[in-house]
Amino acid sequence: QVQLAESGGGLVQAGGSLRLSCVASGSIFSINFMGWYRQAPGNQRDLVASITSGGSTNYADSVKGRFTISRDNAKNTVYLQMNSLKPEDTAVYYCRANIVDSMARMPRSYWGQGTQVTVSS
């Protein structure tokens, strides 16, 4: 079965950096889309950054110029480099991928378990 595994979260001071990783594994035929979302307490889960199979990227206005999303197709991995972190960035960060299963050959979305990012003042 297809699974996503996130890593790289933690506690960092304002102005610091973190790099999140998300690895997709299982019977993967192709990955059309990978993205990072975040959810703070009491808030909705919102898109932070995304990248398509063609390499097109999209960012939330609040993170433009500070965060960079990238992918390594050979490793089925997506990264989120987070620089100049602010306390407002504190949230649980989730990886999502639109993946075509090797057997079913039908696309569907998969979610990771989430990783906590905490930015102190």
Side-chain angles (χ1 to χ4, degrees):
Q1 307 300 320
V2 174
Q3 293 180 313
L4 302 180
E6 300 129 320
S7 62
L11 175 64
V12 65
Q13 295 181 18
S17 299
L18 285 173
R19 188 195 192 204
L20 306 183
S21 299
C22 174
V23 181
S25 61
S27 301
I28 298 171
F29 178 77
S30 65
I31 301 177
N32 304 127
F33 168 97
M34 299 188 82
W36 289 96
Y37 297 72
R38 67 186 181 188
Q39 186 170 20
N43 289 357
Q44 187 177 351
R45 187 176 299 185
D46 296 322
L47 176 69
V48 177
S50 64
I51 186 166
T52 68
S53 60
S56 298
T57 58
N58 186 51
Y59 297 91
D61 289 340
S62 59
V63 306
K64 286 182 179 178
R66 300 188 298 120
F67 291 9
T68 303
I69 189 170
S70 61
R71 63 188 294 174
D72 186 334
N73 292 333
K75 298 179 179 179
N76 289 330
T77 301
V78 63
Y79 305 94
L80 185 67
Q81 179 65 48
M82 304 185 294
N83 298 326
S84 302
L85 283 162
K86 304 175 181 180
E88 307 93 271
D89 296 318
T90 296
V92 177
Y93 284 69
Y94 298 89
C95 177
R96 185 177 79 87
N98 183 268
I99 296 173
V100 178
D101 184 88
S102 295
M103 179 171 290
R105 299 293 181 92
M106 293 288 290
R108 60 159 289 183
S109 291
Y110 297 84
W111 288 91
Q113 295 297 311
T115 183
Q116 177 70 48
V117 172
T118 303
V119 184
S120 62
S121 301

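From a predicted model like this one, the values you see are computed outputs, not experimental measurements.
- In the hydrophobic clustering, Tyr79 connects to no other residue, as no ILVMFWY side-chain heavy atoms lie under 4.5 Å from its own.
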Could you walk me through whether Ser53 and Asn32 pass the side-chain hydrogen bond (donor to acceptor under 3.5 Å, both in side chains) check? CA-CA 5 Å; Ser53 60; Asn32 304 127; 5.0 Å; no
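- The aromatic ring centroids of Trp111 and Tyr37 lie less than 6.0 Å from each other.
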- Task: Could you check Ser17 against Gln81 for side-chain contact (heavy atoms from CB on, under 4.5 Å), going step by step and ending with a plain yes or no?
- Result: CA-CA 8 Å; Ser17 299; Gln81 179 65 48; 4.0 Å; yes
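- Side-chain atoms of Ile31 and Asn76, non-hydrogen and from C-beta on, do get closer than 4.5 Å to each other.
- Other residues, nucleotides and ligands contribute more than 12 heavy atoms inside 6.0 Å of the CD atom of Gln39.
- Side-chain contact between Ser50 and Phe33: present, with at least one pair of heavy atoms (C-beta onward) separated by less than 4.5 Å.
- Defined by atom type and a distance below 3.5 Å, a donor-acceptor pair is present between the side-chain atoms of Arg38 and Ser62.
- Counting heavy atoms from C-beta outward, Arg66 and Tyr59 have side chains that stay 4.5 Å or more apart.
- Between Asn83 atom CG and Arg19 atom CZ the span is 11.5 Å, to the nearest 0.5 Å.
- Considering all non-hydrogen atoms of both residues, Ala40 and Ala91 come closest at N-CB, 3.9 Å.
- Of the possible donor and acceptor atoms, one in the side chain of Thr77 sits under 3.5 Å from a partner among the backbone N and O of Lys75.
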Sequence neighbours left out, cut at 3.5 Å: what donor-acceptor pairs do the side chains of residues 97-106 make with other protein atoms?
unit_1, atom_1, unit_2, atom_2, d
Asp101, OD2, Met103, N, 2.8
Asp101, OD2, Ala104, N, 3.2
Ser102, OG, Ser27, O, 3.4
Ser102, OG, Ile28, N, 3.4
Ser102, OG, Ile28, O, 3.1
Ser102, OG, Phe29, N, 3.3
Arg105, NE, Ser102, O, 3.0

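- Put simply, CD1 on Ile69 and CG on Leu20 are 10.0 Å apart, with the number rounded to the nearest 0.5 Å.
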**Study point:** Worked verdict on Asp61 versus Lys64 for salt bridge (charged side-chain N to carboxylate O under 4.0 Å, His left out)
**Key:** CA-CA 5 Å; Asp61 289 340; Lys64 286 182 179 178; 3.2 Å; yes
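- Separating the CG atom in Leu4 from the CE atom in Met34 is a distance of 6.0 Å, to the nearest 0.5 Å.
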- Message: Please evaluate residues Cys95 and Val78 with respect to the criterion side-chain contact (heavy atoms from CB on, under 4.5 Å), reporting the C-alpha separation (whole Å), side-chain torsions for both, the decisive distance (0.1 Å), and the verdict.
- Response: CA-CA 8 Å; Cys95 177; Val78 63; 3.9 Å; yes
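- For the pair Asp89 (side chain) and Lys86 (backbone), a donor-acceptor distance under 3.5 Å is present.
- No cation-pi contact links Arg96 to Tyr94, judged by a cut-off of 6.0 Å to the six-membered ring centre and 45° from its axis.
- Met82 and Val23 are members of different hydrophobic clusters when ILVMFWY side chains are connected at heavy-atom separations under 4.5 Å.
- A distance of 5.5 Å separates CG of Leu11 from OG of Ser120, quoted to the nearest 0.5 Å.
- In this structure the side chain of Val92 never reaches within 4.5 angstrom of the side chain of Val117, judged on heavy atoms.
- Rounding to the nearest 0.5 Å places OG1 of Thr115 at 11.0 Å from CG of Leu80.
- With contacts defined as side-chain heavy-atom distances shorter than 4.5 Å, the pair Glu6/Ser21 does not qualify.
- Side-chain atoms of Thr90 and Gln116, non-hydrogen and from C-beta on, do get closer than 4.5 Å to each other.
- Put simply, the side chain of Leu85 reaches to within 4.5 Å of the side chain of Phe67, judged on heavy atoms.
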